[in-house]
Novice: 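Handing you this structure, nothing more for now.
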Amino acid sequence: MENFELLRHITIGQYLPKGSVIHRLDPRTKITALMLLALVISLNATFTGNLILFSFCLVLIVTAQLPWRYIFGGLKPALPLIIVLAILQLIFYGGTYVPPNFAPATLFRWGPIHITTGSTQLVFVSTLRFLELLFLTSLLTNTTTTTELTHGIEDMLRPFSRFGLPGHELSLVATIALRFVPILALELESISKAQASRGAKVGGGRFLEATRQITALLAPLFLNALRRAEDLVLAMETRCYLGGKGRTHLIHLRLKLADFLALALLSIFATAMLFWRNRFLI
Amino acid sequence: MERNSEAKELLREAIDEGRWAGFEVLNETERTARLVRRLKFSWAIPIFGLLLSFALAIAQVSFYLAKGLPLERGSLQWNGLPFLLVTGGYLIHYLMRREERIELAIGREGKLMVKGAPSSIVALRAMLRPRSLTRSIVISGVLAAITMILGTSQVGFIPVPTPAARATIMHIPVIIGGLLEGWPVGGLLGLIFGMLSFLLAQIPVFKDPLVAILPRIFIGITAYFTYRALRRASLFWTMVIALILALLALTFSCQTVDTSLPGAIAMAIVALVIVAALIYLALRREREVMAIAMAAVVGTLTNTVLVLTVATLRRYWTPGVALGIGITHGIPEIIVAVIIVLAVILPWRQIETGRGKEEF
């Protein structure tokens with residue numbers, strides 16, 4: 001039955017009401033923080049740098065009072081793939097990957113298999129990066145309600161509306177997407193159960209068979225999603241939704257002291273990490 | 001009174017749209033019209049087969065010249081095959097031809113009723129469907145949600161026997177979005193796909209926004225324009241496109257013989273299948289099906305080719321490695337994309353229209 005419980009493993013897009021400091025921050029602060037940290041993470045390619053960033057993410061999770069089991073539960077389906085990719089990188093990237101801060105030395109060599117200190121660093125760094133970015137994105141969506149996110153995105157896109165960028169519409173797209181993730185995950189779950197109860201195999205199989213299985217899951221998923229979309233369109237149009245023009249808001253976002261503090265601390269951390277990005281010894 | 005003229009206009013539009021799909025008006029009254037299409041024998045097809053054979057010969061000769069090998073009697077092989085296949089297939093098709101009829105009528109409430117072949121109804125309905133901002137927003141949102149689910153769960157990857165071990169299907173929502181709602185939605189969904197793939201990437205290549213995000217924006221856009229161009233393409237233009245595609249694929253496959261023989265053979269087979277499918281669908285005048293399938297192919301190719309090109313330009317891979325990845329990943333991804341896109345869009349359009357007699 002483990003195979004079917006998709007929703008349990010999708011940690012992105014669900015709000016967990018906890019009332020921590022991070023929950024109470026302004027959504028714009030959190031979005032800026034996510035973007036800044038994503039930049040820092042993508043630029044840091046060293047052991048030490050990524051360890052520091054990883055512990056920083058763990059600290060954030062603790063501060064947000066999110067349950068460990070929930071956060072790590074999301075990793076379970078991706079685990080075999082992470083391991084396979086890590087092994088492949090370890091074995092085959094040794095000859096080509098050059099780490100930014102030291103010259104690679106060969107640890108083991110046999111035929112095409114070539115393990116260097118460079119490839120061990122690559123494996124370590126790319127696995128940690130994956131975890132860090134996954135944690136950060138789930139952190140944003142787990143501590144922010146969709147309404148807050150919408151307002152935040154819309155507010156941040158407003159300066160660009162002068163150049164014809166439809167900020168309101170884009171933020172609505174993001175909201176609908178986040179809102180539909182759990183619904184469609186449940187849908188996918190019940191479709192795969194339905195197919196399995198008809199005797200279809202779920203999971204495994206080689207290319208052709210896997211394709212057939214996936215088509216049997218995805219075609220109904222897409223069709224159901226589109227059908228739900230049509231319902232939503234009808235509901236919105238009967239309520240005279242006309243897009244963002246001339247729309248006003250009940251809630252106005254205002255940055256508080258905590259937001260300024262958080263942003264200041266974060267910028268100091270990010271600048272330091274950017275400055276030190278390839279200067280750690282290992 | 002006004003409703004009556006509106007209904008007539010609707011009938012007029014439907015008839016015009018039918019003409020695009022190859023139908024002729026059999027008879028027409030105030031409120032009804034009968035359209036019919038028959039297959040006429042066309043010499044263009046055998047000539048096309050001959051051209052294809054010449055193309056194969058040219059590709060082979062260019063291969064031998066490029067390699068500096070002497071041209072011998074045995075150098076040119078299998079040249080007659082495309083001609084025989086195309087002509088033979090066409091003859092069988094022609095001998096088994098049927099005529100198709102659809103009937104259009106204005107119903108009691110001033111609505112258009114259609115009876116007949118489903119694919120022609122699809123074409124009619126697609127044209128008459130109103131575009132709305134709300135629908136674009138909602139459909140982008142829903143498809144973005146599917147992309148997220150595919151990206152974060154294991155459903156989004158199909159195991160293939162290659163070093164990277166998986167073919168992605170995350171670009172399929174992007175193609176579907178582009179086809180259903182036009183290029184802005186396709187571009188937006190591509191952007192979302194790119195950002196997700198950037199955020200969730202595990203191999204260093206995709207930690208580069210230029211590789212992960214930029215090429216993905218174009219998937220939905222090229223898919224949409226391919227669809228639009230092919231929906232109303234005539235048989236002649238379809239064959240021109242098929243010829244160009246076949247030439248490209250054959251040259252490519254001749255060039256890759258050295259790198260990998262199975263890859264080259266696979267490319268040649270894929271090229272032949274694409275050409276055969278194009279001509280077959282064009283003959284049956286299933287323009288919608290052909291256009292959708294080709295859009296899926298072009299969308300997937302946009303993804304593969306652009307990502308690999310940018311990655312090679314940024315020196316993550318050597319051209320040889322990129323080529324290998326392109327062949328081992330591109331082909332499975334194309335096949336999966338075509339199957340799923342067709343399996344989604346055709347029923348979806350028909351749910352809106354219904355089979356057989358249905359008002360719309």
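Lettering follows sequence order; numbering is per chain, from 1. Worth saying up front: this structure is predicted, and the values here are computed from it rather than measured.
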Novice: Which heavy atom in B:A145 sits nearest to a heavy atom in A:A177, and how many Å separate them?
Specialist: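 Reported closest heavy-atom pair: CB-O, 3.3 Å.
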Novice: Can you measure from CZ (B:R135) to CG (A:L234) and round to the nearest 0.5 angstrom?
Specialist: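 B:R135 atom CZ to A:L234 atom CG measures 9.0 Å (nearest 0.5 Å).
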Novice: What's the separation between atom CG in A:L172 and atom OG in B:S140, rounded to the nearest 0.5 Å?
Specialist: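 Reported value, rounded in 0.5 Å steps: 9.5 Å.
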Novice: Do the side chains of A:R228 and B:V138 get nearer than 4.5 Å, heavy atoms only?
Specialist: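 No, every pair of side-chain atoms sits at 4.5 Å or beyond.
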Novice: Counting heavy-atom pairs under 4.5 Å to chain A, which of B:I192, B:I137, B:V344 comes out on top?
Specialist: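 Result: the option with the highest number of such pairs is B:I137.
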Novice: Calculate, to the nearest 0.5 Å, the distance between atoms CG and CD1 belonging to A:L232 and B:I139 respectively.
Specialist: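 The CD1 atom of B:I139 is 10.0 Å from CG of A:L232, to the nearest 0.5 Å.
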Novice: A:L226 versus B:L180: any side-chain heavy-atom pair under 4.5 Å?
Specialist: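 Result yes, sub-4.5 Å side-chain heavy-atom pair found.
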Novice: What's the shortest heavy-atom distance between B:V142 and A:I176, and which atoms?
Specialist: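 Minimum heavy-atom contact is N-CG2, 4.1 Å.
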Novice: Given heavy-atom pairs under 4.5 angstrom as the criterion, report whether the side chain, backbone, both or neither of A:L131 touches chain B.
Specialist: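 Neither the backbone nor the side chain of A:L131 comes within 4.5 Å of chain B.
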Novice: A:L170 and B:L188: side chain to side chain contact (heavy atoms under 4.5 Å, CB included), yes or no, with the steps?
Specialist: CA-CA 9 Å; A:L170 288 179; B:L188 175 67; 3.5 Å; yes
Novice: Return the OG1 to CD distance between B:T134 and A:E237, rounded to the nearest 0.5 Å.
Specialist: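 Answer for the OG1-CD pair, B:T134 versus A:E237, is 4.5 Å.
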Novice: Would you indicate whether the side-chain heavy atoms of B:I172 and A:L218 approach each other to under 4.5 Å?
Specialist: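 SC-SC contact between A:L218 and B:I172 ruled out.
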Novice: For the residue pair B:I149 and A:A185, what are the closest heavy atoms and their distance?
Specialist: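 That closest heavy-atom pairing would be CD1-N, 3.3 Å.
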Novice: Using every non-hydrogen atom in the two residues, find where A:F222 and B:I340 come nearest and quote the distance to one decimal.
Specialist: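 Result for this residue pair: CE1-CG2, 4.2 Å.
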